[in-house]
Each structure stands twice: as structure tokens, then as C-alpha cells.
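Report on one structure; see the data block that follows.
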Amino acid sequence: MASHIVCKVSELPPGERKIVELEGRSIGVFNIKDSYYAIKNVCPHYKVALCEGTVTGMPLPSKVGEYVWGREGEIIRCPWHGWEFDILNGKSIFNPHKCRVATYDVTVEPIQENLEDERVETFHVTVEDGVVVLHI
Amino acid sequence: MSDSTATQAEVKSQKRTLAVIDCDVHIQPVSYDEIKAYMRQPFRDMFNLFKGRGIFDNPLGRTTIKGNTPSGGPIASDPNHLREQLIKPNNIETAILSPWIYADFFSDPDFKAEINAAFNSWVHDKWLNSKVNYDGVFKASITVSHQDPNLAVKEIERWAGHPDFVQVYLDSGSRAPLGQRQYWPIYEACERYGLPLAIHVGTDGLGGNSRFTTGFPNRYVEWLTLVPCNFQAHLVSFLTEGVFERFPGLRMVLLEGGTFWLPGMLWRLDALYKSFRFEIPWVKKLPSLYVKDHIRFGTQPMHRPDNDEHFRYLLEVIDAENIMMFSSDYPHFDTDVAAEIFPRNISDQMKNKIFYENAKAFYNL
């Protein structure tokens, strides 16, 4: 398992995402209400770039005839066929036990010189700013 | 030694006489005067006008196998003759009876309700609560029209609780896909009284009903071939509208609408659910997963490919062992004979479930 700095915290504000290529993998890193999540940028359906889809909410499972909107900002819809995935755990909404996308841990850490990865851009950061670190 | 031989003979004889529950047996009055006797005016006189499918009446000139009963009436009008021609030769333990009424050809909901009520009374008096049913072989359907669900519920309530009325029966010809919520009072009543719902081919696309094809087919052969399109529409409607989420106790049987289209239609629906679940958030699992718990299919008309292995495989693909129930559609021209519908490569277990066990459980017989 390796850790990679993705960007400065200030460069990934809530509601935004960054798609990075690391170790030959394309991964989407998301800031959802100041929590950070990462999922593989590959839809399990047709292997297309899932993380380029719309980040949205979803109608929650409901009583018949009722629509209850929820999970705003926590759901991504594949840009191709519209399949819904939970960014928090990678599970598809339609069949969470059988269809899911890989997830990765993301942490926010203070700047430490030795954390910086040769393969990603290095940044001038202040001590107050942290870095978003992806563990794959 | 002789004991063992006797046992073998017994087993053989049991095999030959596999018990059958026939889920679709049709009956008719000797004369429509029998039905009119139950009708109020002005409906009694109105009922002279027309009975049938209009432009898609059967061009054979008859809807049934040919012949009259020894008592002189039309076929399937004499309980004793029906026993001789259908019940005994096929070892039928229970026959679920329904007259073919076609009330849904009409547009007037009160007229339809009166016709159905008259037929239900006739079924009750002549077939169920009569000495002809001395052994209880006859069970029957409460026929209702869906156009005015409140009238349908009233009719269900007239008969619910009668031990021999075992299901509610709808014509698949309708003005809208039958899963839609305007029809739900009927399903609520079915659930409340523990009555399964049967949907049967009737006046599909005719009279006051919506077309289910593009425009009108030209001929009967085309219309009858295409009727499964209407059943597909109803099934998809039930699944997407969430009828089985709303009425988890509801069970339904589809009669004469075909079965081998089922996997293709369910694969398509499941695939689209993955993209459009947000439209129907009350559907909480892949739509196909509701079928086994709630829906059964009558076997008639049973179609067979030339290759028996293909047939066996098709039955496996649709999970026939768990979702099919034998129906003869006696005495109609396309009736199926129980002993003839399966080739030899179909297992006894599957046959026993389809001929007997599935219906026994479905109807709580």
C-alpha cells in the first residue's frame, strides 16, 4: 500500500472531485461535506469513466407513490447508462451486494516533506493547509 | 416377492394417474336465459344485444371444441358431461371454473357489473352450491370488471368467504395497464380476503378497451398471436408501479398470455431498472425478483419447439417448476391435454409441481 498526495485541501473544496492517475489506475477523489472519499474511476458495467458522472442525490427507497429525496452530494451517476453508486462505500444502489466499485482510503494530513510523492506535483503549502492523501 | 411386485405396480399406477389441478376450466350456460334470469332491467333486455369479441370473434365459427353435451346443450354447459370429458380422463382433483363473459367489451360500467354479478350468481347456484359439486371438485372465480374498481370491490365482497370461490378474475382487456393505481381497490380487496388475482385473455384491445398493438391487426390469427404483448404491458406495470410492495400479500396468476417471452422481458426490465430506479424508488430490488414470490403463469397455450432439449432448457430458464401451473383452457378450440403437453425428458418432479403442487399452494387447496 502506497500513499500519494493528491492536492492541497484548499484545492478540493466540498462538492468537488479530482480524478488522478496513480500506479496505472484512474481514481476519483471526492470531498463530500469536508469528508474525503475515493472510488475507482471505472464503472463495473462497461468499464467507462464513472467518476466523470454527475454527483447528486437520489430518491430514497420509499413507500409506493412517494418520492423522498436524500443523500444529496453522496451519489454519483455513471455518465453512460446512469447507474447510481454510493460514493461513500462504492456500492451500487440497484444491487449493493453484487455490484460495486472499488473504494480507497483518503486522509487529510499536515504537510510532511517525506510524504510528498515524486510522481505528483509538489506544492507550496502553509502549515494551516493540509494535503489530501490517497492510500492505494 | 409378491408384495414388492404389488408395490411396483402401485407406483406405476400412481405415476399414470398423477393428480392434476386444472387452473382454467371454462363453463357456459345452456342458454343465456339462465344468466338473464339473474339480471335486473333494463340490463336484462340490453344483454340481448351482443355477446362476444366483435371483429375478433373466432373465425372457426365456434370458440370451443366441436360438439354438444348428451343433454343437448352446448359443450361445457353440463356438469356431468364435463366430468366425463375432462375431469375423469385427466384425473383432475380440482377444476377452477370461469365462464367466458366478455363483459369488458362494453363501455358501460354498470352494465358490466350487472353481467358479471349475474354470471357469478349462476356459477354459485349451478356449479358450486349444487349437488353436482358433491365431491368439491369445482372451485370458481369471482369475475369482476376493472373499469369501476368500486363496483368490482362490491362484487368481491358479495362472495368473499365462500370456500369455493377461490380467486378474483379480470379480463386482460382494459383501458390502461392494470398495475396503475386506479385499480388498486381491487387488489386491496384481494389481499384483504386472501383471494389470488387471475388475469385472463378476453377482450384485449377490443370494444371499450385500449389497443395494445399499433392500430388493428387484420385477422384473428394475428390478434391471438399478439395477445402476449398486452400481458407484457400488464406485468411490467404491476412491477414498476410497486403493486407488490403496496400489497405484499397479493398473488397473481396470468392465464393464456404466454410464458416464454418472460426472461427476455425481465432481463430488459432489470437492465433498465439499473438506469431508471430513480423513477420508481419504491421498487426495492430487481423487478424480476418479485415474480417468484407473487406471480404464477398458466401453462396453456403450451408451445413446444421441435427439439425437446430446447424445450426443457426453456422451462428451466423461466423457472417453470416454481411459476407454472397447469391450465387446460377446456373447452376452447386451443385446449391443452395434460398428458400430452410435456415430452419424456421433463422430470416427474417438475411435472408434479406444475400439474399439482404449485396450484395447491397458490389456492390453499
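Residue numbers begin at 1 in each chain, while the letters A, B, ... track the order of the sequences.
A side-chain contact (heavy atoms from CB on, under 4.5 Å) with A:Val64 is found for one member of B:Arg246, B:Glu241, B:Arg181 and no other, namely B:Arg246.
Atom CG of A:Asn95 sits about 8.0 Å away from atom CG of B:Leu289, to the nearest 0.5 Å. For the atom pair A:Ile93 CD1 and B:Tyr273 OH, the distance stands at 9.5 Å (nearest 0.5 Å).
Around atom CZ of B:Arg268, no more than 12 heavy atoms belonging to other residues, nucleotides or ligands sit under 6.0 Å away. B:Lys284 NZ: more than 12 foreign heavy atoms inside a 6.0 Å radius. Annotation for B:His162: atom NE2 counts as buried by contact number, over 12 foreign heavy atoms lying within 6.0 Å. Counting heavy-atom neighbours within 6.0 Å of A:Trp80 CH2, excluding the residue itself, gives a total of 12 or less. Applying the 6.0 Å contact sphere to NZ of A:Lys98 captures no more than 12 heavy atoms from other residues, nucleotides or ligands.
Heavy-atom pairs under 4.5 Å with chain B were tallied for A:Lys63, A:Arg77, A:Glu66; the largest tally goes to A:Arg77.
A 4.5 Å side-chain heavy-atom check between A:Pro59 and B:Arg277 finds at least one atom pair inside the cut-off. Counting only heavy atoms from C-beta outward, the side chains of B:Trp282 and A:Pro61 never approach each other to under 4.5 Å. Side chains of B:Lys274 and A:Glu84 form no contact here, defined as non-hydrogen atoms less than 4.5 Å apart. For the pair B:Lys285 and A:Phe94, the minimum side-chain heavy-atom distance is 4.5 Å or more.
Side chain of A:Tyr67 to main chain of B:Glu279: a donor-acceptor pair is present (N/O by atom type, distance under 3.5 Å, no hydrogens or angles). Counting only distance, with no hydrogens or angles, the side chain of B:Ser275 and the backbone of A:His81 share a donor-acceptor pair below 3.5 Å.
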